[in-house]
Colleague: 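Here it is, the structure, as structure tokens.
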Protein chains: 2
Amino acid sequence: MTAQRRVVAEVLDGEHVHLTADEVHARAVAKLPEISRATVYNTLGELVTLGEVLEVSTDQRAKRYDPNAHQPHHHLVCAQCGAIRDVHPVGNPLADLPDTERFGFTVSDVEVTYRGVCPNCAAA
Amino acid sequence: MTAQRRVVAEVLDGEHVHLTADEVHARAVAKLPEISRATVYNTLGELVTLGEVLEVSTDQRAKRYDPNAHQPHHHLVCAQCGAIRDVHPVGNPLADLPDTERFGFTVSDVEVTYRGVCPNCAAA
DNA sequence: ATCCTACAATAGACAATGTCTAAAGCAAGT
DNA sequence: ACTTGCTTTAGACATTGTCTATTGTAGGAT
């Protein structure tokens, strides 16, 4: 655990939003000006491997990082502004995939992304 | 409808797999050597706007294009090799998102991505 | 038939995001 | 203090996607 990694962890833990790697870097630089981009990418990768943070890819170009890794949840994305909310649908979509639709895969995970328009964008 | 657009449409229609833009370009060049990358991107964008083709973003870097736009379906992705299969789960996940979990969004669409390991990768 | 206009295609520059490498820094053990 | 090995750094590089200026082309007007 180095100063750099602590800063990255703090950034993610501090704001429970879904930041891009670049946004994480920008906030990390504010706390530790000499931190490099490569370190932020490396640390994010390690956190993902450790299961402390989730990678979320909506259809934007950049991946986003979700610090809420310990509670299963899905995402609701605004098609216009790209805002992301965590949501908790009922039911278990894994159970909705019949064996005949698994094609021999060992299915371990499911990711559900709802798309719509957020209240802000609807008002505008 | 120009020769270039026809070629792009043929490439997508010919193989019912999920190609990246670059793969589409490579196959289009094989049929029409002077086609440019920009034209492929433009045409893919138009096809998406027209609703003839779907954009699929798994967690890879590149978006993939799915010619099977007219039958609702979801995707099963191999975490190791990135292979994608179309699947048809039972049930309607849109109905599984209670009003209290919609946060004022107008939810119009849902995308389900199952992740696992395909038989090929499991054998290796 | 020729010209004009509008749209399409092209090549290549540019931008955004992510990955890799070589060098320097730093910490722990000897 | 020296060595060893891991971490960080800066920046080059790679990939994917977008934009722009130019050229090509098709169809109607003269």
Side-chain angles (χ1 to χ4, degrees), chain A residues 1-12 17-50 52-67 77 79-84, chain B residues 1-12 17-50 52-67 75 77 79-84 113:
Chain A
M1 172 59 72
T2 64
Q4 286 81 0
R5 297 187 189 184
R6 185 161 13 84
V7 165
V8 170
E10 280 174 15
V11 166
L12 283 172
V17 293
H18 303 74
L19 301 171
T20 64
D22 240 35
E23 288 165 347
V24 172
H25 180 231
R27 284 164 172 73
V29 165
K31 298 185 180 215
L32 188 70
E34 71 273 24
I35 196 170
S36 84
R37 216 156 55 96
T39 298
V40 172
Y41 276 97
N42 287 342
T43 305
L44 286 173
E46 286 159 17
L47 288 171
V48 169
T49 301
L50 290 174
E52 294 298 316
V53 162
L54 293 179
E55 251 180 28
V56 181
S57 40
T58 65
D59 56 355
Q60 321 281 91
R61 292 255 296 252
K63 290 173 190 165
R64 291 174 173 275
Y65 292 87
D66 185 343
V77 179
Q80 285 180 41
C81 69
I84 304 179
Chain B
M1 173 61 70
T2 65
Q4 287 80 2
R5 297 187 188 186
R6 186 162 12 85
V7 165
V8 170
E10 280 174 15
V11 166
L12 283 174
V17 292
H18 303 74
L19 300 171
T20 63
D22 240 35
E23 288 165 348
V24 173
H25 180 231
R27 284 164 172 73
V29 164
K31 299 186 179 214
L32 189 70
E34 71 273 25
I35 196 170
S36 83
R37 214 156 57 96
T39 299
V40 171
Y41 275 96
N42 287 343
T43 306
L44 285 174
E46 285 160 16
L47 289 171
V48 169
T49 301
L50 290 174
E52 294 297 317
V53 162
L54 293 178
E55 253 180 23
V56 181
S57 39
T58 64
D59 54 358
Q60 322 282 92
R61 294 255 295 252
K63 290 173 191 165
R64 292 173 172 276
Y65 292 88
D66 185 341
H75 293 108
V77 179
Q80 283 179 42
C81 69
I84 305 180
T113 306

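Hydrogens, waters and symmetry mates are skipped; everything else that's a heavy atom, side chains included, is used. Protein chains get the first letters and strands the later ones, always in sequence-line order, with residue 1 at the start of each.
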Colleague: Kindly give the heavy-atom pair with the smallest separation between B/T20 and B/A62, and that separation in Å.
Modeller: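 It is CG2-CB, 4.0 Å.
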
Colleague: Tell me which of A/E34 and B/A21 sits closer to the 5' end of DNA chain D, going by the nucleotide each one is nearest to.
Modeller: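 Upstream on the strand: A/E34.
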
Colleague: Separation of B/L32 atom CG from C/dA8 atom P, in whole Å?
Modeller: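 After rounding, the gap between these two atoms is 17 Å.
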
Colleague: Could you state the atom-to-atom distance from CD1 of A/I35 to C1' of D/dT9 in whole Å?
Modeller: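 Distance check: A/I35 CD1 to D/dT9 C1' gives 11 Å.
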
Colleague: Locate the shortest heavy-atom distance separating B/H25 from B/V40; write the atom from each residue and the value.
Modeller: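 What the structure gives for the nearest pair is CD2-CG2, 3.6 Å.
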
Colleague: Do you know the tightest heavy-atom contact between A/H18 and A/R64?
Modeller: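 Looking at all heavy atoms of both residues, the shortest contact is O-NH1, 2.6 Å.
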
Colleague: Which residue lies toward the 5' end of DNA chain C, B/R61 or B/A38, if each is placed at its nearest nucleotide?
Modeller: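 Between the two, 5'-proximity favours B/A38.
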
Colleague: How many whole angstroms separate atom NZ of A/K63 from atom P of C/dG18?
Modeller: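 Value for this atom pair: 6 Å.
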
Colleague: Can you tell me how far C1' of C/dA16 sits from CD of A/E23, to the nearest Å?
Modeller: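 Interatomic distance, CD of A/E23 to C1' of C/dA16: 13 Å.
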
Colleague: Taking atom P of D/dT8 as reference, at what distance in whole Å does atom CZ of A/R6 sit?
Modeller: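 Computing the A/R6:CZ to D/dT8:P distance gives 11 Å.
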
Colleague: What closest approach, in Å, do A/T58 and B/S57 show between heavy atoms, and which atom pair accounts for it?
Modeller: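 Heavy atoms of A/T58 and B/S57 come nearest at O-OG, 3.3 Å.
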
Colleague: Find the distance A/R5:CZ to D/dT7:C1' and express it as a whole number of Å.
Modeller: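 Going from A/R5 (CZ) to D/dT7 (C1'), I get 6 Å.
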
Colleague: I'd like to know if A/R37 reaches the base of C/dG18 with its side chain, counting only an N/O donor and acceptor under 3.5 Å.
Modeller: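 For A/R37, whose side chain was compared with the base of C/dG18, there is a donor-acceptor pair (under 3.5 Å).
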
Colleague: Rounded off to whole Å, could you give me the OH-to-C1' distance for the B/Y41 and D/dT15 pair?
Modeller: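 B/Y41 atom OH is separated from D/dT15 atom C1' by 9 Å.
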
Colleague: Which is true for B/T39 with a 4.0 Å heavy-atom rule: it touches a base, it touches only sugar-phosphate, or it touches nothing?
Modeller: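 Touches a base.
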
Colleague: Using a 4.0 Å heavy-atom cut-off, does B/A62 contact any base of the nucleic acid, only the sugar-phosphate backbone, or nothing at all?
Modeller: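 Sugar-phosphate only.
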
Colleague: If I take atom CD in residue A/E46 and atom P in nucleotide C/dG18, what distance separates them, rounded to the nearest angstrom?
Modeller: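 Spelled out: CD on A/E46 to P on C/dG18 is 17 Å.
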
Colleague: When you measure from the side-chain N and O atoms of B/T2 to the phosphate of C/dA9, is any distance below 4.0 Å, counting only OP1 and OP2?
Modeller: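 For C/dA9, OP1 or OP2 has a side-chain N or O of B/T2 closer than 4.0 Å.
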
Colleague: Just verifying a value: how many Å separate A/E46 CD and A/E52 CD, rounded to the nearest 0.5 Å?
Modeller: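 Answer for the CD-CD pair, A/E46 versus A/E52, is 12.0 Å.
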
